[in-house]
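Structure first, then comments.
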Amino acid sequence: MCGIVGYIGKRKAYPILIKGLHRLEYRGYDSAGVALINPEGQLNIYKAKGKVAELETYAADKDTDGCIGIAHTRWATHGEPNTVNAHPHYSESERLAIIHNGIIENYAVLKAGLQKEGYTFRSDTDTEVLVQLIEYTQVNRHVDLKTAVQLALQQVVGAYAIAVLDKDNPDTLLAARKGSPLVVGIGDDEYFLASDATPIVEYTDKVIYIEDEEVVVLRSEGVKELRSEGVKELRSEGVEELRSEGGKEGRSEGVEITTINNVQKTPEIKRLELSLSQLEKGGYPHFMLKEIFEQPRTLTDSMRGRVNVRQDNIALSGFIDNKERFLNAKRIIITACGTSWHAGLIAMYAIEEFAQIPVEVEYSSEFRYRKPVINKDDVVIAISQSGETADTLAAIQLAKEKGAFIFSICNVVGASIPRVSDSGCYTHVGPEIGVASTKAFTAQVVALTMLALCIGKEKGTMSKEQYLGIVRELGQIPDKIERVLGQNKRIADFAKTFTYAQNFIYLGRGYNFPVAMEGALKLKEISYIHAEGYPAAEMKHGPIALVSQEMPVVVVAPHCGTYEKVVSNIQEIKARKGRVIAVVTEGDQLVSRIADYTIEIPATEECLTPLLTVIPLQLLAYHIAVVKGCDVDQPRNLAKSVTVE
Ligand code: AGP
């Protein structure tokens with residue numbers, strides 16, 4: 001949702017913070033702000049409505065000096081997007097400043113208590129209540145900043161990642177988390193903190209992932225000690241540790257971690273696997289188009305070391321290490337949100353077909369409150385690109401409490417969801433910056449298909465020929481996607497003819513019904529055109545009433561078991577003058593004669609067709625949104641990872 005970033009060290013903080021905000025802007029862009037303690041000890045806050053660029057313009061002629069600071073880019077939850085509700089927020093005395101990602105659910109109660117104590121509030125946010133509570137605790141309990149934050153957070157119900165500055169402690173940067181992500185970067189005599197590693201990677205690859213209910217204190221004088229002492233140490237100790245990847249705890253004087261109940265914790269330093277080039281647009285006009293065109297490579301990366309075409313085999317370590325859980329599973333529950341949920345729906349078709357285990361696909365937000373029946377021999381597969389989606393995290397917690405085995409499919413190494421799962425599979429597509437998920441979706445489908453094939457082969461519920469056929473085809477998919485991408489220009493051309501549309505219908509059957517849902521979601525979220533995805537046969541039960549010349553209908557119609565059925569669905573639409581865009585298999589004879597536009601995909605195994613049929617739908621949505629002048633990478637009202645419920 002929101003993006004938070006902080007810095008303490010020897011360098012000027014402001015440019016580092018602003019650069020960090022630009023990296024995190026995909027998390028939310030309703031407003032932005034920064035707080036800095038300058039060499040004279042003043043605590044200055046500057047904030048502006050809208051994107052980070054607005055903040056830069058506003059602060060251009062202000063005092064932005066100081067080697068310690070925090071900054072925030074907002075996705076509004078409490079209080080409308082405006083400058084007053086923008087973060088950071090001062091405490092009553094303006095001695096403290098706070099930034100926050102998350103939701104304080106009991107803020108109204110806390111606020112009422114503070115108002116009784118004479119505290120006043122400038123904004124409508126839940127966050128301002130927290131900084132007031134911290135100050136109130138500090139003043140009335142006569143405790144230091146860390147203790148005041150611990151005591152205040154003990155009273156908080158909800159999710160938070162916060163960072164706090166105290167002008168009376170100009171060499172201390174304090175942060176804490178529960179539910180919302182927070183990572184600390186260990187530099188050479190400097191420290192960084194952020195919602196994810198993207199603002200940190202250009203400065204250091206050594207990070208600490210802060211756990212739930214942990215408070216971290218970063219002190220700059222510690223950095224001095226570290227420079228003199230630590231480097232030697234790190235050189236001697238750290239590297240060794242890094243070689244052992246998260247073995248013994250690293251010692252870094254400038255970092256102190258405790259729980260909110262003041263239990264001392266020792267930081268575990270990890271090495272980042274991210275590269276700066278992965279965060280740049282690479283010459284594309286938008287991250288979304290770059291990520292669509294990355295899919296041949298990202299799927300090759302996702303299958304590397306897992307799909308061995310030469311040995312006709314798939315090896316998924318998460319499955320191999322937990323084979324019995326899958327082979328004895330009475331049921332598989334898939335829980336996810338948005339695009340990840342669509343990948344889960346495709347997995348249902350594959351797992352039931354190849355492994356013959358009943359699968360239920362759940363919206364995490366409904367699953368977590370539905371009081372579902374979960375048994376110890378259930379396997380719960382959680383799918384999340386970001387690994388931070390609050391509803392999916394909560395669904396996992398619920399399933400864990402009931403003894404289910406948690407297997408997660410995630411794209412962000414070290415994120416919360418993989419950290420609370422029993423096992424899983426990373427999709428390895430690199431950072432996905434565009435808010436509309438594309439390359440993560442196809443990699444999720446590949447990971448889930450690999451899992452279904454592994455279980456099916458092990459259980460003997462699929463023939464060796466079928467298994468070998470699909471394994472070999474998987475190896476062909478990257479090249480076949482390359483061929484589909486070759487039609488980008490043509491899709492861009494006819495996309496122009498559809499920008500008038502207010503509504504779209506997407507149709508598909510079997511494995512491609514979820515693709516129709518995904519195509520509709522892509523169009524909705526980046527072009528703001530209303531669109532619905534349906535099982536093609538469902539048309540006759542209502543939606544066909546919507547069909548007219550004004551209603552474009554996208555039909556996913558590759559050659560597969562239900563092809564003829566889809567052809568008759570298209571004829572029903574054409575009979576009512578609907579305009580049909582059809583995704584068909586190369587050499588298609590029937591549909592290409594009746595549809596208004598066809599986009600061809602190479603032939604492949606039915607269960608793998610979604611990996612090809614979704615590409616034209618990603619491109620169609622992208623080009624319609626671009627022609628409409630929409631902000632494709634940062635669509636209105638959306639954020640890349642939904643860390644609040
Ligand atoms: C998809 O384009 C959207 N960004 C959104 O629906 C997303 O898929 C959903 O929020 C789930 O995110 P996750 O995969 O990071 O959990």
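Numbering of ligands and ligand atoms starts at 1, following listing order.
Both the sub-6.0 Å distance and the 45° axial angle are satisfied by Arg636 relative to the ring of Tyr528.
Using a 4.5 Å heavy-atom cutoff, the side chains of Val380 and Ile396 are not in contact.
Ion pairing between a basic and an acidic side chain is recognised when a charged N comes within 4.0 Å of a carboxylate O; Lys640 and Asp196 show no such pairing. The pair Asp301-Arg304 counts as a salt bridge, with a side-chain nitrogen and a carboxylate oxygen less than 4.0 angstrom apart.
Residues of the protein with a heavy atom under 4.0 Å from ligand 1 are Cys337, Gly338, Thr339, Ser340, Ser384, Gln385, Ser386, Thr389, Val435, Ala436, Ser437, Lys522, Glu525, Val642, listed by chain and number.
For the side chain to side chain contact (heavy atoms under 4.5 Å, CB included) with Thr613, the qualifying choice from Val484, Val584, Val515 is Val515, the only one to do so. Each of Glu291, Gln385, Glu432, Lys522 was scored for a side-chain hydrogen bond (donor to acceptor under 3.5 Å, both in side chains) with Ser437, with one residue passing: Glu432.
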